[in-house]
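One structure below.
Order of the sequence lines fixes the chain letters, A, B, ..., with proteins taken first and strands second; residue numbering starts at 1 for each chain.
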Number of protein chains: 2
Amino acid sequence: MNNLAPSSPSIKQRSRLLNDPCDRLRDAIVSGDFQPNERLVEADLSLRYGAGRTAIRAALATLDQEGLIVREPNRGARVRLISAREAFEIEHVRNALERLLARSAAQRAASDDLDDLQAILAAMAERLRESDSFGYMQLNPQLHRRIWRISDNQVAIKVLVTLKSQSIRFQYGTILRPGRPAQSLREHEAIVAAIAAHDPDACDAAMAEHLGHVLETLQWAIDSQDRQRSWSSREEPTLSAPA
Amino acid sequence: MNNLAPSSPSIKQRSRLLNDPCDRLRDAIVSGDFQPNERLVEADLSLRYGAGRTAIRAALATLDQEGLIVREPNRGARVRLISAREAFEIEHVRNALERLLARSAAQRAASDDLDDLQAILAAMAERLRESDSFGYMQLNPQLHRRIWRISDNQVAIKVLVTLKSQSIRFQYGTILRPGRPAQSLREHEAIVAAIAAHDPDACDAAMAEHLGHVLETLQWAIDSQDRQRSWSSREEPTLSAPA
DNA sequence: CTGGCGAAGATTGTCGACAATAATAGCGAC
DNA sequence: GTCGCTATTATTGTCGACAATCTTCGCCAG
């Protein structure tokens, strides 16, 4: 249940604190150490992480259930390539669940919670003033996770965490849209305001509006990348992570 | 990824489906062959299903990810006991996702889809006329699943299937409420009507109303069982399946 | 009689080896 | 030169055995 805590896996910090090959492999995949569709050979992973093949096998089973890899019988495991279409499906599910949690958060928020939310908002505004889009992007999930914590629906949170790790590859492109961070901040402020007012309906609406724009931005990012790719090669209608 | 498609045309799937200890164990758990909190000893399962301990271990890993069992390190696996609180959380998530899918279905439904839905509705009305509550209850998930198929959001469907298997234990009590089946049928008819009218907003609202009543009924069933249990024994505030 | 202490039993976690299967390379026929 | 077949190789799937750990039972002191 604690696997939703890490909030800054950006730097390649090989923390020896976590020896579980499952967590390490997961981090490696979501941070892009393995290319999409790359084969994951059990023996290699066993060597790489200094764990027995049994542990690697268990890790692969877990990651398969989480949707990060695909396993074909007798043909091994590959890191799963999320199609643009599936990214939209994921985003729609996220939309529905975040609205649910926003609603709950508006009903349950205490003053400590509101203080934290305001602090995160202030930090986001600061990053925006410094034109630090990357810093802003890192704060974004932090705010959402704080809202999740207020809502206190463990089931929904677990689903959201799993989905997030699957679609992380698409997260990078969405911040490049001109003017998006400023708009995003205003939307977040509206959400927090609705939580502070303990108004579930308004909070639901604010979150719906926010995520609707996220969906649009995702569409924009995918179109943008597709356009770029049409110069060099033509492949499946899927995306790879930006280098 | 095909493990949620009932129409998957895989050839050797049948022989595998019957032999795969993971599926068999899952069926055994959701159908109540194992009591909640009952220990699942690997050696026993290995004997029971004629599979090696390795396969059993893989199955346990999968079912742990699905939330049907809990595994404590060096202490083995137990079938997970879903608390009443968690049942509510699950139902809320289901609520959000079913509304999403209902919306999508209203936009995408073709005439074949509508025919199937009407056929299921007719069958439900028939069961109701015969006062066959159990038969009605069996048709219920069939209708919802058909709606899922129309919506065609594989990600949401997979989440819903997983959640369903977790909360199946609470399904039995909800049909015992007097007058509930008749009301349920009317709500289902409203949902299908909204789909037929290709009206996403109306469909969302109809589904929300339906699942709101399901939530109420779940509350009623839990209260009802709690009241019954206070006669005989005092235990944790959780529920077991009716014998 | 109760409560700690230690040994025996039961169960899980891990490793290595072998069998089963898919991918690949090599060879021969046309 | 290319196609098809076979042998080799690489990789996964499965099994048995052993070590690590937890649980239970029996024993003994107080």
Exercise. Taking side-chain contact (heavy atoms from CB on, under 4.5 Å) as the test, write out the residues that go with B:A55, two or more places apart.
Key: B:P21, B:A51

Practice problem: For each nucleotide in nucleotides 7-13 of chain D, reading 5' to 3', give B when a protein heavy atom comes within less than 4.0 Å of its base, S when such contact involves only the sugar-phosphate, and - otherwise. | Solution: ----SBB

Quiz prompt | Main-chain N/O of A:E66 paired with A:Q166 side-chain donor or acceptor, under 3.5 Å | solution = yes

Quiz item: To the nearest 0.5 Å, how far apart are CZ in A:R26 and CD1 in A:I69?
Solution: 11.0 Å

Self-check item: By side chain to side chain donor-acceptor pair (under 3.5 Å) - contacts of B:D33 (at least two apart)
Solution: none

Quiz item: Between atom CD1 in A:I56 and atom P in C:dC15, what is the gap in whole Å?
Solution: 10 Å

Quiz prompt | Separation of A:R48 CZ from A:L25 CG (nearest 0.5 Å) | solution = 7.5 Å

